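Written below as structure tokens is the structure these notes are about.
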Amino acid sequence: DKFMSIYYLFVINFLGYTKLMLNIFNNLEAWVTTVMEQLGEPGVGLLVLLENLFPPIPSELILPLAGFTASKGDFLIISVILWATLGSVVGAIILYKVGALLGRDRTRAIFRKMPLVSINDVDKTEAWFIKHEAKTVFYGRMVPIFRSLISIPAGVERMNMGLFVAYTTAGSLIWNSTLTGLGFILGENFHLVEEYVSLFQYLVIVVVIIGVGYFVARRLRQRNTKQQ
């Protein structure tokens, strides 16, 4: 079936993209280190801001490395966390504005053109987000992949900016404090943080792929039932 072929192609390309990102990741540490050496704690904030807009720059590398640097006395850990959180919030606001510019009507028009997706699906997702927007933004800031993306639907739905900033700040502060603190505690073994966070990220990827596969299979079954 054409749609299943598209799904399999998506999975293969997604896994290939993941492998490519891992290769890029291996070359990022030197650059991240240079930025921190040149700019100090504000450099951490800049890197985290860029991480929100350009996911190949992973916070699981930036923050533990900054924590390790703080453990050597070169950075103040509180300053690292505050700058990182500021970077997170600024990056999230930029993506919120992107979602707001995209708007609800354009978003619905895009989904109308997508195969197997009905407007009823969009309505249900929209209603769920509006009902749980605060929790979604707060917990979303602590989930790899969705950390940045969650700001876009918040902008599309024009979530109250004050609440958006408050929950983004709270969630980001927990995430940034945890990764920075672990890097501080582990010292030269700060790479362990990236390894375990990467496992969590792979789990999220697997769940997403299974979810998309289930949705596609269910829709194809419904379509075949209607044709019979």
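What you see is a predicted model, and the numbers here were worked out from it, not measured in a lab.
Smallest separation of non-hydrogen atoms from Ser177 and Ile81: OG-CG2, 3.4 Å. Between Val44 and Ala84 the shortest heavy-atom distance is CG1-CB, 4.1 Å. Closest non-hydrogen pair, Leu53 versus Gly91, comes out as CD2-O, 3.9 Å.
Interatomic distance, Ile150 CD1 to Thr168 OG1, rounded to the nearest 0.5 Å: 9.5 Å. Arg147 contributes atom CZ, which lies 4.5 Å from atom CD of Glu51 (distance to the nearest 0.5 angstrom). Atom CD of residue Glu41 and atom CZ of residue Phe75 lie 5.5 Å apart, to the nearest 0.5 angstrom. Rounded to the nearest 0.5 Å, atoms CG (Leu39) and CG (Leu46) are 6.5 Å apart. Separating the CG atom in Leu76 from the OG1 atom in Thr69 is a distance of 12.0 Å, to the nearest 0.5 Å. Once rounded to the nearest 0.5 Å, the distance linking CE of Met161 with CE of Met159 reads 10.0 Å.
Between the side chain of Arg158 and the backbone N or O of Ala100, at least one donor-acceptor pair lies under 3.5 Å.
Follow the hydrophobic side-chain contacts under 4.5 Å out from Phe184 and you never reach Val48; the two are in separate clusters. Note on Ile152: it clusters hydrophobically with Val90, by side-chain heavy-atom contacts below 4.5 Å among ILVMFWY residues. Grouping the Ile, Leu, Val, Met, Phe, Trp and Tyr side chains by contacts below 4.5 angstrom, directly or via other members, places Trp175 apart from Ile77. Under the 4.5 Å side-chain heavy-atom criterion for ILVMFWY residues, a single connected hydrophobic cluster contains both Ile62 and Leu192. Hydrophobic clustering, with ILVMFWY side chains joined whenever heavy atoms are under 4.5 angstrom apart, groups Met142 together with Val165.
Here side chain to side chain donor-acceptor pair (under 3.5 Å) pairs that include residues 74-92, with residues two or more places apart or in two chains, are Thr85-Asn176, Ser88-Asn176. Sequence neighbours left out, the pairs with a member in residues 136-146 that pass side chain to side chain donor-acceptor pair (under 3.5 Å) are Asn52-Arg141, Arg141-Ser172.
Under a 4.5 Å side-chain heavy-atom cut-off, the cluster of Ile, Leu, Val, Met, Phe, Trp and Tyr residues that includes Val98 has no other member.
Screening Leu186, Thr180, Leu65, Thr178 for a side-chain contact (heavy atoms from CB on, under 4.5 Å) involving Val193 leaves a single residue, Leu186. Test Ile174, Leu63, Leu61 against Leu179 for side-chain contact (heavy atoms from CB on, under 4.5 Å) and you get one pass: Leu63.
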Requested in this report: Could you check Glu133 against Asn160 for side-chain contact (heavy atoms from CB on, under 4.5 Å), going step by step and ending with a plain yes or no?
Outcome: CA-CA 10 Å; Glu133 60 182 13; Asn160 178 276; 5.7 Å; no
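Within 6.0 Å of OH on Tyr96 lie more than 12 heavy atoms contributed by other residues, nucleotides or ligands. Within 6.0 Å of the NZ atom in Lys72, the count of heavy atoms belonging to other residues, nucleotides or ligands exceeds 12.
Taking the six-membered ring where the residue is Trp, Phe190 and Phe68 present parallel rings, their angle staying beneath 30° rather than reaching 60°.
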